[in-house]
Amino acid sequence: MEKIFRFIDWTSVWTGKVSSLLVAVLTAAICYDITMRYILIKPTSWAFELTYMIYGVYAMLGAAYCHHLKGHVRMDLLSARLSPRRQAVVEVFCYIFLFFPLFIVLVWKCGEHAYWAFSYGERSSSSIWRPQLWPFKSLIALGFLLFLLQGTADFLRLLRVAIKGESNEP
């Protein structure tokens, strides 16, 4: 089981680090758009859509990495006073009743949207560029799936702590 956990962790780290490279692409696109729009007075028809798509992919592919690093905002006011085993019990409860229902629905619905966009050749209607939306929607669905997988690995680690009192370290 630990091999599977390490693979999920590695996948989260790898996609997070690769997606961080999108910040450079995003910055270049924004700089190009600003230069064209305000200096050369020739606004682009594609920069706005490209930037929101890049940012969406960057954020979603990096979310599992952030979860792996425990970088999301947490409210530990009550649980910080509990023993590690009781903290794990509280977190297991939250995963079962909050995390899993939300992320299962997100993966399912985003996957449906990505499939529909691919099947019907959906295009954006925000500009005259009108790019295909299936790559964007597919990467968003992949980001939610990676987040769900990372959450599952963390849940199973916490479950081990809650039941056996073993260490929660990956």
Side-chain angles (χ1 to χ4, degrees), residues 1-23 25-26 49-120 122 124-126 132-170:
M1 192 64 113
E2 277 304 315
K3 283 185 179 182
I4 294 170
F5 292 166
R6 281 194 302 274
F7 178 75
I8 291 171
D9 292 342
W10 176 83
T11 304
S12 295
V13 169
W14 186 82
T15 55
K17 288 183 177 183
V18 168
S19 72
S20 71
L21 300 174
L22 291 173
V23 172
V25 177
L26 181 63
E49 280 189 297
L50 182 68
T51 56
Y52 85 70
M53 288 180 184
I54 290 173
Y55 182 73
V57 169
Y58 159 72
M60 287 314 308
L61 291 181
Y65 179 51
C66 186
H67 189 71
H68 170 70
L69 296 176
K70 308 221 180 318
H72 292 290
V73 174
R74 298 174 52 102
M75 289 299 296
D76 294 340
L77 295 173
L78 299 175
S79 65
R81 297 177 186 183
L82 301 175
S83 69
R85 191 171 190 175
R86 288 199 173 143
Q87 283 179 355
V89 169
V90 169
E91 290 195 39
V92 162
F93 178 83
C94 290
Y95 268 97
I96 291 170
F97 292 103
L98 300 172
F99 181 86
F100 286 123
L102 173 66
F103 277 89
I104 289 169
V105 169
L106 285 171
V107 169
W108 172 36
K109 296 311 272 179
C110 287
E112 277 184 354
H113 282 271
Y115 178 75
W116 190 91
F118 180 77
S119 298
Y120 292 96
E122 181 183 16
S124 173
S125 60
S126 297
Q132 291 274 335
L133 289 178
W134 68 265
F136 171 66
K137 289 185 174 188
S138 298
L139 289 170
I140 297 297
L142 175 64
F144 280 124
L145 178 63
L146 292 171
F147 202 143
L148 178 62
L149 290 174
Q150 184 63 53
T152 302
D154 291 346
F155 167 77
L156 292 172
R157 287 180 179 127
L158 287 166
L159 190 60
R160 181 175 54 215
V161 173
I163 293 171
K164 296 181 180 179
E166 293 178 6
S167 173
N168 190 26
E169 296 304 313

For W116, enumerate each residue passing the ring-ring contact (aromatic ring centres under 6.0 Å, His included) test, keeping only those at least two apart in sequence or located in another chain.
Y120
Over all heavy atoms of both residues, which pair between V161 and P84 is shortest? Give the atoms and the distance, please.
CG1-O, 3.9 Å
In terms of relative ring orientation, are Y55 and Y58 parallel, tilted or perpendicular, with 30° and 60° separating the classes?
tilted
Any idea which heavy atoms bring L158 and A88 closest together, and the distance?
O-CB, 3.5 Å
Is it the case that more than 12 heavy atoms not belonging to L78 sit under 6.0 Å from its CG atom?
no
The complete set of side-chain hydrogen bond (donor to acceptor under 3.5 Å, both in side chains) pairs with one or both residues in residues 78-93, sequence neighbours excluded, reads R74-E91
Among all residues two or more places apart in sequence or in another chain, which pass the salt bridge (Lys or Arg N to Asp or Glu O under 4.0 Å) test with K17?
none
Verdict with reasoning, Y52 to S126, per side-chain contact (heavy atoms from CB on, under 4.5 Å)
CA-CA 11 Å; Y52 85 70; S126 297; 4.2 Å; yes
Apply ring-ring contact (aromatic ring centres under 6.0 Å, His included) to residues H72 and F147 and explain how you reach the verdict.
CA-CA 12 Å; H72 292 290; F147 202 143; 5.3 Å; yes
Hey, are D9 and R6 close enough for a salt bridge, meaning a charged N less than 4.0 Å from a carboxylate O?
no
Main-chain N/O of I8 paired to H68 side chain as donor or acceptor, under 3.5 Å
no
Stepwise side-chain contact (heavy atoms from CB on, under 4.5 Å) test for K3 and F7
CA-CA 6 Å; K3 283 185 179 182; F7 178 75; over 6 Å; no
Which heavy atom of A64 sits nearest a heavy atom of Q150, and at what distance?
O-CG, 3.7 Å
The test is side-chain contact (heavy atoms from CB on, under 4.5 Å); show your working for F155 and I96 and say whether it passes.
CA-CA 9 Å; F155 167 77; I96 291 170; 3.8 Å; yes
According to the interplanar angle, ranging from 0 to 90°, do the rings of Y95 and F100 count as parallel (below 30°), tilted (30 to 60°) or perpendicular (above 60°)?
tilted
Would T11 and L149 satisfy side-chain contact (heavy atoms from CB on, under 4.5 Å), going step by step from the backbone distance to the final call?
CA-CA 10 Å; T11 304; L149 290 174; over 6 Å; no
